[in-house]
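To start, the structure itself, in structure tokens.
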Amino acid sequence: MSFKNELDRSQAGGEDHDALALDPALKAALDNFRQSVHSWSEAAYNRPRMQVASRRRLWRLATGWALGCVLVAGAVSGGVYGRHLKQARAEAVLEAEHQRQLAADREAEELMADVDSDISRQVPSAMEPLAQLMAEDESNISTGKKKRN
Amino acid sequence: MATAQETAAQEFTNVVTAHRPQIFRFLLASTRDVDLAETLTQECFLKAHRHWAGFRGESTAMTWLMRIAINLQKDHWRNRRMQFWRHTRNNSVDLDEASEWLPSGESSAEQKVLAHERVGQVWKAVEDLSERQRTVFLLRFVEELELTEIAHATGLNEGTVKAHLSRALAKVRGELGGRR
């Protein structure tokens, strides 16, 4: 840098000093800050990059695997749970169907029993005279009892 | 005899060697993220390499590189603001960790504690600055650039640089005064 530039710079610095004057405490704090940033930057700049890169890659890999495992476990357990639900639902449907079938059978049996009893009451018409005789006997017995009384 | 292309390549290599640590330092102070600072430094030199033929030497190579770095940093924050979900991946170190790096000159334990406290307060103030104020402040007080160089690097005029700097200093002063 030429002497003239240096002179211009110092002049500009003088003007800046007026506009942006720093008290000793502020100056000390800014010096500390600058030195702190410089030492941090130097340490970060000279750190072993490969090691850091491989450590990051390892972390990424581990995170990827963990996420993958969680996803697979989620998918599997979700599938199993879904299947279980489906099976339970199918069993419930089968049970309901079975119950309905039983109820239908019972209804059919009752109907058949009713029909049987109706038929059994209607069919013995051939034996009607005998039934009339029994009815007459019963009425005779009851009138006899009444007379005796 | 070396060809013009070889000379240019050699020149660029020299520029990288000379200015890479400074660009990295500026980006590290701006982002407080070592990995991001490294990535942006790489991008900066990649961009510089692509446009090296167009560098006419109107400003110093340092100022030119700093301008690229500032633009890259701006683009990064703009993209980050738009991709709000990326905030979860923020690797910036917190202020305490950044203040751990102490100037080597402090000898006594008391001086070290005081320096640590001061550095923390300045970081706190820097965090609260606007993007432009922070850039100007870091260029002036960390990179120790002159106002004209800052004006070249940021594309602002010198008066605006001064105004930003004085507002930034007022905030730092306030932070230091408030904690005293």
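Letters A, B, ... are given to chains in the order of the sequence lines, protein chains preceding strands, and every chain is numbered from 1.
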Report task. Please test Arg47(A) against Val34(B) for side-chain contact (heavy atoms from CB on, under 4.5 Å), starting from the C-alpha separation and ending with a verdict. Result -> CA-CA 10 Å; Arg47(A) 70 183 175 154; Val34(B) 176; 3.4 Å; yes
Requested in this report: Begin with the C-alpha distance, continue with both residues' side-chain angles, and end with the deciding distance and a verdict on side-chain contact (heavy atoms from CB on, under 4.5 Å) for Arg173(B) and Asp23(A).
Outcome: CA-CA 9 Å; Arg173(B) 207 175 273 128; Asp23(A) 56 84; 3.6 Å; yes
Query raised in the report: Yes or no on side-chain contact (heavy atoms from CB on, under 4.5 Å) for Val122(B) and Asn32(A), after CA distance, side-chain angles and deciding distance?
Result: CA-CA 9 Å; Val122(B) 177; Asn32(A) 284 157; over 6 Å; no
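Gln99(A) CD: more than 12 foreign heavy atoms inside a 6.0 Å radius. Counting non-hydrogen atoms of other residues, nucleotides and ligands closer than 6.0 Å to NE2 of His19(B) gives a total above 12. When the shell of 6.0 Å around CZ of Arg67(B) is examined, it contains more than 12 heavy atoms from other residues, nucleotides or ligands.
When every heavy atom of Ser41(A) is checked against every heavy atom of Arg25(B), the shortest pair comes out as OG-CB, 3.2 Å. Nearest heavy atoms, Ala29(A) versus Leu176(B): CB-CD1, 3.6 Å.
Between Phe33(A) and Trp123(B), the ring planes lie perpendicular to each other; the angle is over 60°, past the 30° to 60° tilted range.
A heavy-atom distance below 4.5 Å is found between the side chains of Leu26(A) and Val172(B). Looking only at side-chain heavy atoms (C-beta outward), Glu42(A) and Phe24(B) stay at 4.5 Å or farther from each other. With contacts defined as side-chain heavy-atom distances shorter than 4.5 Å, the pair His38(A)/Val142(B) qualifies. At a threshold of 4.5 Å between non-hydrogen side-chain atoms, the residues Val37(A) and Leu138(B) do not count as touching. Inter-residue side-chain proximity for Leu30(A) and Arg118(B) is flagged as unmet; no heavy-atom pair is nearer than 4.5 Å.
Hydrophobic clustering (ILVMFWY, side-chain heavy atoms < 4.5 Å, transitive): Leu71(A) and Val80(A) are in distinct clusters.
With chain A as partner, the option from Val126(B), Leu27(B), Leu169(B), Thr60(B) having the largest number of non-hydrogen pairs under 4.5 angstrom is Leu169(B).
Arg20(B) and Tyr45(A) form a side-chain donor-acceptor contact under 3.5 Å, judged by distance and modelled atom types alone.
Phe26(B) does not touch chain A: none of its heavy atoms, backbone or side chain, sits under 4.5 Å away.
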